[in-house]
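The model shown is predicted, which means the values in this text are computed figures rather than measured ones.
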Amino acid sequence: MTTWAWVAVVVVAVVALAAVGYFVLQQQKRRSHLRERFGPEYERIVAEHDNNRREAEQELLDREQRHSELDIKPLSEESRDSYAARWTEVQERFVDAPGFAVTEADQLVTSVMAERGYPTEDFEQRVSHLSVGHAATLDHYRTAHEISGRAARKEASTEDLRQAMVHYRALFEELLHETSQGR
């Protein structure tokens with residue numbers, strides 16, 4: 001082989017290694033971003049996709065895209081005060097009617113979401129949109145919803161219902177006091 005041929009082979013090899021390195025770096029940056037943004041939801045989605053990280057990460061990127069198309073807005077001070085007062089009433093009703101109070105708490109969380117601009121048609125859709133900006137409290141919401149379902153079937157104890165209220169409150173307070181779209 002001539003010297004020029006060897007130089008060409010080396011240049012092609014260096015360019016190929018640089019391209020692979022760039023690709024791996026971009027993938028690591030994307031993965032790091034998604035893990036930071038979605039917290040425990042990242043691992044849950046990966047497991048849901050049978051550990052296929054590429055599919056799971058694409059789903060999370062799709063969630064980010066759909067979320068960016070929403071017009072999420074903070075609540076007015078008047079709305080925050082009204083919702084806070086309604087939450088206090090729901091908590092007071094818990095003493096006499098815990099199952100009913102849990103149902104009301106779920107409806108109140110959904111109302112806050114709707115006023116903020118989140119679609120609220122079904123639970124999975126709500127979870128998907130909340131995962132983008134509220135990943136830290138998403139497990140609270142899932143747990144509260146699961147207990148609420150058991151309560152509707154009369155399969156939840158008073159302690160379970162109390163826990164549901166605690167879980168709903170975590171998301172409720174975050175939604176109520178968030179002042180900007182980006183988190």
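- Taken to the nearest 0.5 Å, the CZ atom of Arg63 stands 4.0 Å off from the CD1 atom of Ile45.
- Tracing side-chain contacts under 4.5 Å through hydrophobic residues (I, L, V, M, F, W, Y), one reaches Val15 starting from Val7; they form part of the same cluster.
- Under a 3.5 Å cut-off, the side chain of Asn52 and the backbone N or O of Arg54 do form a donor-acceptor pair.
- A donor-acceptor pair under 3.5 Å links the side-chain atoms of Thr143 to the main chain of Asp139, judged by distance alone.
- Scanning all heavy atoms of the two residues, the minimum distance from Pro119 to Arg126 falls at O-CG, 3.7 Å.
- Side-chain atoms of Leu61 and Arg30, non-hydrogen and from C-beta on, do get closer than 4.5 Å to each other.
- Using a 4.0 Å cut-off between charged side-chain N and carboxylate O, Arg31 and Glu36 make no salt bridge.
- For Glu155, the CD atom sits in a packed shell: over 12 heavy atoms of surrounding residues, nucleotides or ligands are nearer than 6.0 Å.
- Arg37 places none of its side-chain heavy atoms less than 4.5 Å from the side chain of Leu60.
- Within a 6.0 Å radius of CD in Glu77, other residues, nucleotides and ligands contribute 12 heavy atoms or fewer.
- No side-chain donor-acceptor contact under 3.5 Å links Glu57 and His33.
- Rounding to the nearest 0.5 angstrom, the gap separating the CG atom in Leu175 from the CG atom in Leu171 is 4.0 Å.
- Shown here for Arg80 and Leu176, the closest heavy-atom pair between the two residues is CD-O, 2.8 Å.
- Shown here for Thr158 and Phe94, the closest heavy-atom pair between the two residues is O-CZ, 3.9 Å.
- Relative ring orientation between His129 and His67 is described as tilted, the plane-to-plane angle lying within the 30° to 60° band.
- For Ser32 (side chain) and Gln28 (main-chain N/O), no donor-acceptor pair under 3.5 Å exists by modelled atom type.
- A salt bridge between Lys73 and Glu115 is absent, with no side-chain N of the basic residue lying under 4.0 Å from a carboxylate O of the acidic one.
- Counting all heavy atoms, side chain and backbone alike, Ala135 lies closest to Gly39 at CB-N, 4.3 Å.
- Put simply, the side chain of Val46 reaches to within 4.5 Å of the side chain of Tyr42, judged on heavy atoms.
- Remark: Arg86 CZ to Phe172 CZ distance equals 8.0 Å, nearest 0.5 Å.
- A heavy-atom distance below 4.5 Å is not found between the side chains of Tyr118 and Thr110.
- Within the 4.5 Å cutoff, the side chain of Arg142 has heavy atoms near those of the Glu41 side chain.
- Leu138 and Ser131 make their closest contact through CD2-CB, 3.5 Å (heavy atoms, listed as atom of the first residue, atom of the second, distance).
- At least one side-chain heavy atom of Arg169 sits less than 4.5 Å from a side-chain heavy atom of Gln91.
- Of the inter-residue distances, the one linking Tyr83 atom OH with Leu75 atom CG reads 6.5 Å to the nearest 0.5 angstrom.
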Check residues 159-168 and write down every donor-acceptor pair under 3.5 Å in which the side-chain atom is one partner and the other belongs to a residue at least two apart or another chain.
| unit_1 | atom_1 | unit_2 | atom_2 | d |
| --- | --- | --- | --- | --- |
| Glu159 | OE1 | Arg162 | NE | 3.0 |
| Glu159 | OE2 | Arg162 | NE | 3.4 |
| Glu159 | OE2 | Arg162 | NH2 | 2.7 |
| Glu159 | OE2 | Gln163 | NE2 | 3.2 |
| Asp160 | OD2 | Arg150 | NH1 | 3.3 |
| Asp160 | OD2 | Ser157 | N | 3.0 |
| Asp160 | OD2 | Ser157 | OG | 3.3 |
| His167 | ND1 | His140 | ND1 | 2.8 |
| Tyr168 | OH | Asp106 | OD1 | 3.0 |

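- Using cut-offs of 30° and 60° for the angle between ring planes, the Phe123 and Tyr141 rings count as tilted.
- Going from atom OG1 of Thr88 over to atom CZ of Arg93 covers 10.5 Å, rounded to the nearest 0.5 Å.
- From Glu92, atom CD reaches atom CH2 of Trp87 across 12.5 Å, with rounding to the nearest 0.5 Å.
- Comment: Arg44 engages Glu48 in a salt bridge, judged by a side-chain N to carboxylate O separation of less than 4.0 angstrom.
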